[in-house]
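In what follows, every chain begins at residue 1, and chains take the letters A, B, ... in the order their sequences are listed. The model shown is predicted, which means the values in this text are computed figures rather than measured ones.
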2 protein chains.
Amino acid sequence: MGPARSLEHPTPEQMSLDSILSALADPVRRTIVAQLAGGHDDQACIAFALPVSKSTSTHHFRVLREAGIISQQYRGTSILNGLRTEELNLRFPGLLDAVLAAN
Amino acid sequence: MGPARSLEHPTPEQMSLDSILSALADPVRRTIVAQLAGGHDDQACIAFALPVSKSTSTHHFRVLREAGIISQQYRGTSILNGLRTEELNLRFPGLLDAVLAAN
DNA sequence: TTGCTTGTACGAGATTCATCATACTACGAT
DNA sequence: ATCGTAGTATGATGAATCTCGTACAAGCAA
């Protein structure tokens with residue numbers, strides 16, 4: 001077998017407030033973030049009951065990952081999603097908590 | 001003379017996280033917010049050296065006001081702009097500070 | 001191999017939004 | 001009254017984005 005599939009994640013330095021706030025401005029994406037914050041850090045995309053189609057789901061997960069808010073890792077046919085809590089708190093202290101509390 | 005011109009402001013209950021985050025996601029609008037946070041609370045729109053045209057400025061100030069982030073009050077031919085710090089902290093605790101610190 | 005599950009790629013459509021220029025209003029000063 | 005300043009209204013344009021369906025790829029199970 002070849003190298004495992006992998007997905008690009010920005011480093012904390014590469015995260016921009018612009019991307020973070022734009023990403024969090026969408027209610028569907030905040031639903032994902034809230035569910036990740038409330039549960040374990042290894043939920044597949046399918047575990048989120050989102051009110052959109054499968055391809056739209058893919059889109060939202062990618063926006064969150066590219067902003068640096070979530071991590072994504074292949075695991076079989078699924079993807080394990082996690083909140084990048086520590087890195088976010090490092091880069092933008094208090095921001096994630098404030099948004100989660102307000103949601 | 002008739003009644004003074006007035007502008008609509010949402011109450012804290014009417015503020016939505018959606019509008020707040022969308023408003024703060026724009027860099028021009030964050031420039032305005034940052035300048036208000038750093039200075040006095042009575043700066044006219046003209047006092048902001050924004051890299052956009054006059055009509056675009058009007059647009060951004062309105063978005064901020066309708067989201068509940070700034071207050072606007074007519075004063076002669078000008079408008080006095082202020083940050084609604086207390087009300088924002090009441091409705092979305094920590095959010096404004098986190099964004100200002102990250103900016 | 002065959003089929004099933006999970007997610008992606010690739011358009012396409014509709015909406016939103018940031019931007020501008022022009023014309024306009026409201027107010028104050030001269 | 002006239003003029004200048006501050007901001008608004010309106011309409012246009014181009015870019016971004018949220019959405020979908022369909023077709024596809026990758027992995028696992030039987």
Worksheet entry | Touch class at under 4.0 angstrom, heavy-atom based, for B:H60 against every strand present |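 Sugar-phosphate contact only.
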What is the separation between atom [atom1] on [X] and atom [atom2] on [N], rounded to the nearest whole Å?
| X | N | atom1 | atom2 | result |
| --- | --- | --- | --- | --- |
| B:F48 | D:dA6 | CZ | C1' | 14 Å |
| B:D26 | D:dT17 | CG | C1' | 15 Å |
| A:L24 | D:dT17 | CG | P | 14 Å |
| B:R5 | D:dG7 | CZ | C1' | 8 Å |
| A:I46 | D:dG27 | CD1 | C1' | 15 Å |
| B:F61 | C:dC17 | CZ | P | 19 Å |
| B:K54 | D:dT8 | NZ | P | 10 Å |
| A:L7 | D:dA25 | CG | P | 18 Å |

Under a 4.5 Å cut-off applied to non-hydrogen side-chain atoms, are [X] and [Y] in contact?
| X | Y | answer |
| --- | --- | --- |
| A:Q14 | A:H9 | no |
| A:S78 | A:I46 | no |
| A:N81 | A:I32 | no |
| B:H60 | B:D26 | yes |
| A:L83 | A:L96 | yes |

Worksheet item: Which residues in residues 71-79 of chain A have at least one heavy atom lying under 4.0 Å from any atom of DNA chain D?
Response: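 DNA chain D contact set from residues 71-79 of chain A: A:G76, A:T77.
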In one Ile/Leu/Val/Met/Phe/Trp/Tyr side-chain cluster, 4.5 Å: [X], [Y]:
| X | Y | result |
| --- | --- | --- |
| A:L21 | A:M15 | yes |
| B:I70 | B:L100 | yes |
| A:V52 | A:V33 | yes |

Item to complete: Scan residues 28-36 of chain A against DNA chain C and write down, sorted by residue number, each residue with any heavy atom closer than 4.0 Å; if none is found, say none.
Response: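 Here the set is empty: none.
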Item to complete: Choose from C:dA21, C:dC27, D:dA9 the nucleotide whose nearest atom is closest to any side-chain atom of B:S53.
Response: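 Comparing C:dA21, C:dC27, D:dA9 against the side chain of B:S53, the answer is C:dA21.
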Worksheet item: Donor-acceptor pair under 3.5 Å: do we get one between B:T58's side chain and the base of D:dA9?
Response: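 Result: no qualifying N/O pair found.
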Worksheet item: Does A:N103 offer a backbone N or O that forms a donor-acceptor pair with the side chain of A:R30 under 3.5 Å?
Response: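 It does not hold such a pair.
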Worksheet item: Mapping B:A47 and A:S22 to their closest nucleotides on DNA chain D, which lands nearer the 5' end?
Response: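 Counting from the 5' end, the first nearest nucleotide belongs to B:A47.
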